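Predicted, not measured: the structure shown is a model, and the values here were computed from it. Numbers here are sequence positions counted from 1.
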Amino acid sequence: MRLVRFGEPGAEKPGLLDSEGAIRDLSGVIADIAGPTLDPAALDRLRGLDPSALPLAPEGARLGPCVGSVGHFIAVGLNYADHAAEAGLTPPAEPILFSKAPSCIIGPHDDVTIPPGSTKTDWEVELAVVIGSPCSRVSEAEALEHVAGYCLCNDISERAWQNERGGTWMKGKGAPTFGPLGPWLATRDELGDANGRAMWLDLNGERMQTGNTENMIFRVPFVVSYISQFMDLRPGDVIATGTPPGVGMGRKPPLFLKAGDRMTLGIDGLGVQDLNVRDASRQAAA
């Protein structure tokens, strides 16, 4: 299944995409694509529905983030050796983990805002994993049993705050709009193997990132198992698994986002995001 959330921000309804790509309204069946809805048994019940019997969503409805009520939003840093090289860093012996604020999550076509004081806002196309059942200290062999599915993520990052302000990376990772998710959540059976998925990002029509999930240093089962050794993962938690090379800070000279830019990005099987960039300072002044 390809699950979506549609409607105005903060009032999204659950839905699914039928075989024609039309949004079918699930609000008469479930409250949201969140938490207990992502449990394996709950997903099995949704698979038993006839999409054609569900009402259509309003034409032109906004797509919200494909997961609601996210508790943990965890990310893996430097998970592609070629990205570590462009950053001038040694690939890690163990996964680097940091948090993104759940409040930064937006939909796949919403505007990204450059926060006041930002000078180095950057892009990162990433595969995100969505947890479906409670996960604590699981083995690598068991890890995928706890995954509901996958979605596309843009791990927007303010590099000056991340790298030049001391402390942890999360300073540059959680500003409002820094976590676009979607357009849809592909359940594990829908996507199949998350390894070997082509991924890309364009800025203003120019290709910036080209990669493939097969180049991850730490692949999805290991990442889920590893994180679960340090914290309990719960249904609806999201894990962003790292980005391939081609980010703005790795270019010579570096290139960062500015108002009026447009990012388009995608992963094979997980759809496309189309994001306009605005300047929060200018919006506030207006």
Are side-chain heavy atoms of [X] and [Y] found at a separation under 4.5 Å?
X: Ile96; Y: Trp169; value: yes
X: Met263; Y: Met208; value: no
X: Tyr80; Y: Met216; value: yes
X: Lys120; Y: Met249; value: no
X: Leu233; Y: Ile239; value: yes
X: Leu185; Y: Leu38; value: yes
X: Lys100; Y: Val238; value: no
X: Ile106; Y: Val112; value: yes

Sub-3.5 Å donor-acceptor pair from the side chain of [X] to the main-chain atoms of [Y], do we have one?
X: Glu190; Y: Met1; result: yes
X: Ser225; Y: Ala143; result: no
X: Asp25; Y: Leu56; result: no
X: His83; Y: Gly246; result: no
X: Ser133; Y: Asp39; result: no
X: Thr243; Y: Val125; result: yes
X: Asn79; Y: Phe218; result: yes
X: Thr187; Y: Ala148; result: no
X: Arg188; Y: Val147; result: yes
X: Thr113; Y: Ala280; result: no

- Item | Glu20 atom CD: more than 12 heavy-atom contacts under 6.0 Å | no
- Just wondering, are more than 12 heavy atoms of other shown residues or ligands nearer than 6.0 Å to CZ in Arg207? yes
Can we say [X] and [Y] salt-bridge, meaning some charged N sits less than 4.0 Å from an Asp/Glu carboxylate O?
X: Lys171; Y: Glu158; value: no
X: Arg234; Y: Asp237; value: no
X: Lys173; Y: Glu124; value: yes

Do the side chains of [X] and [Y] join up, straight or via other hydrophobic residues, at under 4.5 Å, putting them in one cluster?
X: Leu16; Y: Val67; answer: yes
X: Val70; Y: Leu43; answer: yes
X: Leu191; Y: Val130; answer: no
X: Leu127; Y: Leu144; answer: yes
X: Ile114; Y: Leu255; answer: yes

Determine the minimum heavy-atom distance between [X] and [Y], stating which atoms define it.
X: Phe73; Y: Cys104; answer: CE2-SG, 3.9 Å
X: Ala175; Y: Pro115; answer: CB-CG, 4.1 Å
X: Val224; Y: Cys135; answer: CG1-SG, 3.9 Å
X: Ile217; Y: Pro92; answer: CD1-CD, 4.3 Å
X: Gly7; Y: Arg62; answer: O-NH1, 2.7 Å
X: Ser69; Y: Ala34; answer: CB-CB, 4.2 Å

- Dump the intermediate steps for side chain to side chain contact (heavy atoms under 4.5 Å, CB included) on Ile74 and Met231, then the final yes or no. CA-CA 11 Å; Ile74 306 158; Met231 66 187 77; 3.5 Å; yes
- Message: Less than 3.5 Å apart, any donor N or O on the side chain of Ser139 or Glu142 sitting next to an acceptor on the other?
- Response: yes
- Message: For the residue pair Asp122 / Ser157, report whether a side-chain donor-acceptor contact shorter than 3.5 Å exists.
- Response: no
- Item | Residue of the set Leu203, Asp202, Leu275 for which side-chain contact (heavy atoms from CB on, under 4.5 Å) holds with Leu265 | Leu275
- Item | Residue among Val4, Leu3, Asp32 satisfying side-chain contact (heavy atoms from CB on, under 4.5 Å) with Leu26 | Leu3
- Begin with the C-alpha distance, continue with both residues' side-chain angles, and end with the deciding distance and a verdict on side chain to side chain donor-acceptor pair (under 3.5 Å) for Ser136 and Asp232. CA-CA 5 Å; Ser136 178; Asp232 288 350; 2.8 Å; yes
- Using the side chain to side chain contact (heavy atoms under 4.5 Å, CB included) rule, take Ile267 and Tyr150 through it: C-alpha gap first, then chi angles, then the decisive distance, then the call. CA-CA 10 Å; Ile267 295 178; Tyr150 306 93; over 6 Å; no
Spacing of [X] atom [atom1] and [Y] atom [atom2] [to the nearest 0.5 Å]:
X: Asp261; Y: Thr121; atom1: CG; atom2: OG1; value: 10.5 Å
X: Leu270; Y: Leu181; atom1: CG; atom2: CG; value: 11.5 Å
X: Asp279; Y: Lys258; atom1: CG; atom2: NZ; value: 12.0 Å
X: Leu54; Y: Arg24; atom1: CG; atom2: CZ; value: 7.0 Å
X: Asn154; Y: Gln209; atom1: CG; atom2: CD; value: 8.0 Å
X: Trp123; Y: Gln273; atom1: CH2; atom2: CD; value: 15.0 Å

- Task: Kindly indicate, with the supporting measurements, whether the criterion side chain to side chain contact (heavy atoms under 4.5 Å, CB included) is fulfilled by Leu17 and Ile23.
- Result: CA-CA 5 Å; Leu17 298 182; Ile23 301 173; 3.6 Å; yes
- Task: Take Leu46 and Val29 through the test side chain to side chain contact (heavy atoms under 4.5 Å, CB included) and record every step on the way to the result.
- Result: CA-CA 9 Å; Leu46 294 182; Val29 181; 4.1 Å; yes
